[in-house]
Structures are given as structure tokens and as C-alpha cells.
Number of protein chains: 2
Amino acid sequence: MNPPAHDSQPPDAPQGLLGELHDRGLRMTPQRRLVVDAVASLGHATPEEVLTKVREVSPGVNLSTVYRNLELLGELGLLRHSHLGHGPTTWHVPSHSGHIHLLCRACGRVTEADVALADDLVGRLRERTGFLSDMEHFAVQGTCADCAASAEQR
Amino acid sequence: MNPPAHDSQPPDAPQGLLGELHDRGLRMTPQRRLVVDAVASLGHATPEEVLTKVREVSPGVNLSTVYRNLELLGELGLLRHSHLGHGPTTWHVPSHSGHIHLLCRACGRVTEADVALADDLVGRLRERTGFLSDMEHFAVQGTCADCAASAEQR
DNA sequence: CTTACTGCAAATATTTTGCATTTGG
DNA sequence: CCAAATGCAAAATATTTGCAGTAAG
């Protein structure tokens with residue numbers, strides 16, 4: 001009778017972390033906590049950036065540990081990741097969600113837009129194909145206002 | 001009031017290929033033509049798949065040549081690519097466009113939906129942020145109808 | 001104690017680059 | 001001719017995996 005728990009999390013659940021881990025026979029290690037904290041404080045972060053942050057506190061931590069923890073925490077729904085382009089995956093906490101990423105193909109900058117702007121698309125996709133969309137996972141590519149302006153006067 | 005001429009190509013332009021190349025002092029090599037042909041016949045193809053197809057005709061062709069040609073033909077607008085998930089980039093001819101890719105996070109399958117379903121989103125993004133979206137470049141992640149159904153009965 | 005977890009090194013996957021040689025126009 | 005393009009090998013980038021030792025509960 002537990003809710004499917006896959007579209008809205010409590011905005012903040014510090015003890016949910018241990019609960020989720022315990023339920024699966026997993027452990028709370030210093031490295032695991034540091035990875036969560038790093039992602040939470042960085043907002044969006046690549047594995048490499050997470051490692052750098054983690055090593056400020058604990059220099060011995062290995063990159064593969066970061067990858068393994070990001071992966072695992074992602075499976076547990078405690079972290080999420082997005083693909084913002086050619087570069088590496090970026091990770092964030094679910095509470096940092098709520099926006100689509102807009103990647104400009106010209107200048108490469110990533111901006112954010114309210115995910116509610118996609119409600120129409122998400123609704124149509126669900127109606128027509130039954131597909132339940134997560135608009136936050138992939139960026140939308142295009143041309144930002146600035147780059148469109150400079151392209152126009154060419 | 002002229003359309004910026006960067007969103008719709010003539011559906012098929014075989015001599016446009018040579019024209020585009022000549023205009024930039026570029027050449028039509030056998031490899032280059034084979035890459036275009038391979039992408040056209042494969043629909044969606046990764047660089048590796050393109051290489052395989054190309055080597056059916058010309059076994060000596062190198063993977064880096066494929067990459068270089070995909071990149072260049074992409075810049076010329078003669079090919080397009082999409083990012084469909086963790087795997088490699090996939091390439092297609094512009095005439096094969098017109099759809100959003102829907103990537104199921106559960107089963108990994110990619111389905112297609114009419115890009116017009118995103119007109120509302122594209123319009124809102126343009127109005128609010130000036131961002132000109134290309135919905136075809138990145139997939140939309142989510143859960144397909146089949147996987148949503150099996151998840152529900154868990 | 002048990003086994004999940006870690007660090008380390010090596011492997012894998014994808015893409016890019018330097019350079020000597022070939023070739024299209 | 002000669003700059004564009006290719007093939008080859010090596011590097012760069014992003015991620016995964018095997019394994020022996022460490023540590024959480």
C-alpha cells in the first residue's frame with residue numbers, strides 16, 4: 001500500500017536516506033554521505049566536480065566510488081541526473097528539480113525554464129501514446145535569444 | 001519578414017550536396033558519399049553502424065573518417081544527429097526528421113512521436129525566453145505505456 | 001563476523017587529434 | 001599542382017569492472 005513514489009518526493013528527507021539504505025541492506029558510509037552533500041551543495045555537478053568537492057573534505061576518495069554512489073543513489077531516487085549535451089552527466093538532488101534545461105547549440109550555455117511550460121506536451125504524449133515524460137532528464141537543444149539575434153544580422 | 005531559413009530544408013536535394021561542398025571549397029570524396037548514403041539508408045545510425053554499412057562497399061574506410069564526415073555534414077546541415085540516451089550519438093538525414101524521440105528508462109526502447117505535439121512548448125519557450133527549440137535533438141526520457149502498466153501492478 | 005563498500009588499477013566505450021600520404025578538382 | 005581529405009596510431013574523455021583489503025552494522 002505504499003505510494004509508487006516515483007514522481008514526487010518529500011522536498012527534504014534527511015532520515016529517508018538512511019531508511020532507504022537500511023531497507024535494502026545497504027550502508028551509510030562517509031563517502032556516500034559526502035557524495036550526497038556535494039551534489040546538494042553544488043546544485044548541478046558532474047562526477048568529476050563531485051569528486052573535487054568531496055576531496056576538499058576527504059582527499060582519499062576515489063572517482064569510481066563517486067560513480068558507484070551516484071549510480072546507487074540514483075536508483076534509490078535520492079539523486080537524479082540529466083544529460084545536458086556532449087559533456088558528462090550532471091547530478092542534482094530531486095528538490096533542485098522543476099526545470100527544463102535549455103542548451104544553446106551556438107554558445108553552449110545551459111539555461112533553465114519552468115518544467116510547467118511542458119505540461120501541454122507531457123499531457124499530449126500521455127494521451128496519445130501512454131508515455132510518461134520526465135522533461136528534466138534531457139536538455140532541449142536550440143538557439144538562445146542572444147545567439148539567435150546575432151545570427152539574424154548575418 | 002523573410003523566414004530565417006534555418007528550420008526547413010527542401011525535403012530532398014541531391015545536387016545541393018555538391019553545391020554546399022563546392023561553396024566552401026570542400027570536396028566530394030567516395031567516403032563522404034558513402035557516409036551520406038549509409039545514414040540515408042539506415043535511418044538512424046551510430047558512427048559504428050555507419051562504418052559497418054560503409055565497409056560493405058569499401059572495406060578500407062576508417063572510423064575517424066566516418067566521424068569527421070558526420071561532423072562536417074552536420075555543420076553543413078546535410079545530416080543531423082540526436083542524443084538518445086547513454087549510448088553513442090545517432091545520425092539521420094533531415095528528411096527523416098519530424099519526430100521527437102521517447103526513451104523509456106525501464107526497457108530502453110526508443111519510440112517516436114510527432115514533433116508537432118511540442119508546438120505549445122516550443123511556442124512558450126520562444127515567447128518567454130526567446131529560445132528557439134529543436135525538439136528532435138535530444139530524446140525525452142520517461143516510462144513507456146507497457147512499462148508503466150507493469151510498474152503499476154507492483 | 002559478515003558482506004557491503006572502498007581504493008586502485010586496468011579495461012571499456014566513445015570521440016578526437018597529429019601526422020604522413022593520397023587525391024579531388 | 002596543392003589544399004582537402006584519408007588512414008593509422010595514439011590520445012583524450014567518460015565510465016565501468018575485477019579484485020583484494022577495509023569497515024559498517
Side-chain angles (χ1 to χ4, degrees), chain A residues 15 17-36 38-39 44-52 54-55 57-76 78-79 81-91 108 138-139, chain B residues 15 17-39 44-52 54-55 57-76 78-79 81-91 108 138:
Chain A
Q15 84 284 26
L17 207 172
L18 288 115
E20 283 279 358
L21 291 173
H22 282 190
D23 291 353
R24 307 216 189 183
L26 305 176
R27 297 167 185 174
M28 174 50 69
T29 64
Q31 294 90 335
R32 190 157 288 167
R33 175 164 300 288
L34 286 170
V35 166
V36 176
V39 172
H44 278 291
T46 65
E48 208 64 64
E49 290 165 346
V50 170
L51 181 67
T52 300
V54 165
R55 283 187 170 168
V57 179
S58 182
V61 175
N62 194 274
L63 181 57
S64 65
T65 298
V66 170
Y67 269 99
R68 281 190 275 232
N69 277 314
L70 291 172
E71 177 82 15
L72 185 141
L73 293 162
E75 280 166 22
L76 298 182
L78 301 169
L79 292 180
H81 68 275
S82 304
H83 299 283
L84 302 187
H86 289 164
T89 307
T90 68
W91 293 78
F138 288 111
Chain B
Q15 82 286 23
L17 208 172
L18 289 114
E20 282 279 359
L21 291 173
H22 280 189
D23 291 353
R24 306 218 189 184
L26 306 176
R27 297 165 186 176
M28 173 51 68
T29 64
Q31 293 91 336
R32 190 157 287 165
R33 175 165 299 289
L34 286 170
V35 166
V36 176
D37 291 350
V39 172
H44 277 290
T46 65
E48 207 67 62
E49 291 165 345
V50 169
L51 181 66
T52 301
V54 163
R55 282 187 171 168
V57 179
S58 182
V61 175
N62 194 273
L63 182 57
S64 64
T65 299
V66 170
Y67 270 98
R68 281 191 274 231
N69 276 314
L70 291 172
E71 176 82 15
L72 185 141
L73 294 162
E75 281 167 22
L76 298 183
L78 300 169
L79 292 180
H81 69 275
S82 304
H83 299 283
L84 302 186
H86 288 166
T89 306
T90 68
W91 294 78
F138 288 111

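Letters A, B, ... are given to chains in the order of the sequence lines, protein chains preceding strands, and every chain is numbered from 1. These numbers come from the heavy atoms of this one structure, side chains and all, not from hydrogens, waters or symmetry mates.
Between A/Arg33 atom CZ and D/dA24 atom C1' the separation is 14 Å, expressed in whole Å. Between A/Leu70 atom CG and C/dC5 atom P the separation is 14 Å, expressed in whole Å. Remark: P of C/dG25 and CZ of B/Arg24 are 17 Å apart, rounded to the nearest angstrom. B/Asn69 places its CG atom 8 Å from the P atom of D/dA5, with the value rounded to the nearest Å. A/Leu34 places its CG atom 13 Å from the C1' atom of C/dT6, with the value rounded to the nearest Å. If you take CD of A/Glu71 and C1' of C/dA4, they are 16 Å apart, rounded to a whole angstrom. Note: NE2 (A/His86) to C1' (D/dT15) measures 17 Å, nearest angstrom.
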Can A/Val36 and A/Arg33 be said to form a side-chain contact (heavy atoms from CB on, under 4.5 Å), step by step? CA-CA 5 Å; A/Val36 176; A/Arg33 175 164 300 288; 5.7 Å; no
List the steps, then state whether side-chain contact (heavy atoms from CB on, under 4.5 Å) holds for B/Leu70 with B/His81. CA-CA 9 Å; B/Leu70 291 172; B/His81 69 275; over 6 Å; no
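For the pair B/Glu49 (side chain) and B/Thr46 (backbone), a donor-acceptor distance under 3.5 Å is present. The backbone N or O of A/Arg27 sits less than 3.5 Å from a side-chain atom of A/Arg32, completing a donor-acceptor pair.
Applying the 4.0 Å criterion to OP1 and OP2 of C/dC5, one finds that A/Asn62 has every side-chain N and O outside that range. Residue A/Thr89 places at least one side-chain N or O under 4.0 Å from the OP1 or OP2 atom of D/dT15.
Minimum atom distance to the side chain of A/Leu63 is reached by D/dT15, of the listed C/dC5, D/dT15, D/dT6. Among the nucleotides C/dT6, D/dT16, C/dG25, the one closest to any side-chain atom of A/Tyr67 is D/dT16. Distances were taken from every side-chain heavy atom of B/Gln31 (C-beta onward) to each of D/dT15, D/dG7, C/dT6; the shortest belongs to D/dG7. Listed nucleotides: D/dT6, D/dG25, D/dA24. Nearest to the side chain of B/Thr65: D/dT6.
Nearest heavy-atom pair, B/Val66 versus B/Pro47, reported as atom, atom and distance to 0.1 Å: CG1-O, 3.7 Å.
In terms of position along DNA chain C, the nucleotide closest to B/Pro47 lies nearer the 5' end than the nucleotide closest to the other residue of the pair B/Pro47 and B/His22. When each of A/Glu48 and A/Met28 is assigned the nucleotide of DNA chain D with its nearest heavy atom, A/Glu48 is the one assigned upstream, toward the 5' end.
Put simply, the side chain of A/Ser64 and the base of C/dC8 share a donor and an acceptor less than 3.5 Å apart. The base of D/dA5 is not paired with the side chain of B/Arg27 by any donor and acceptor separated by under 3.5 Å.
Among the heavy atoms of the strands lying under 4.0 Å from B/Arg68 is at least one base atom, whether or not backbone atoms are also near.
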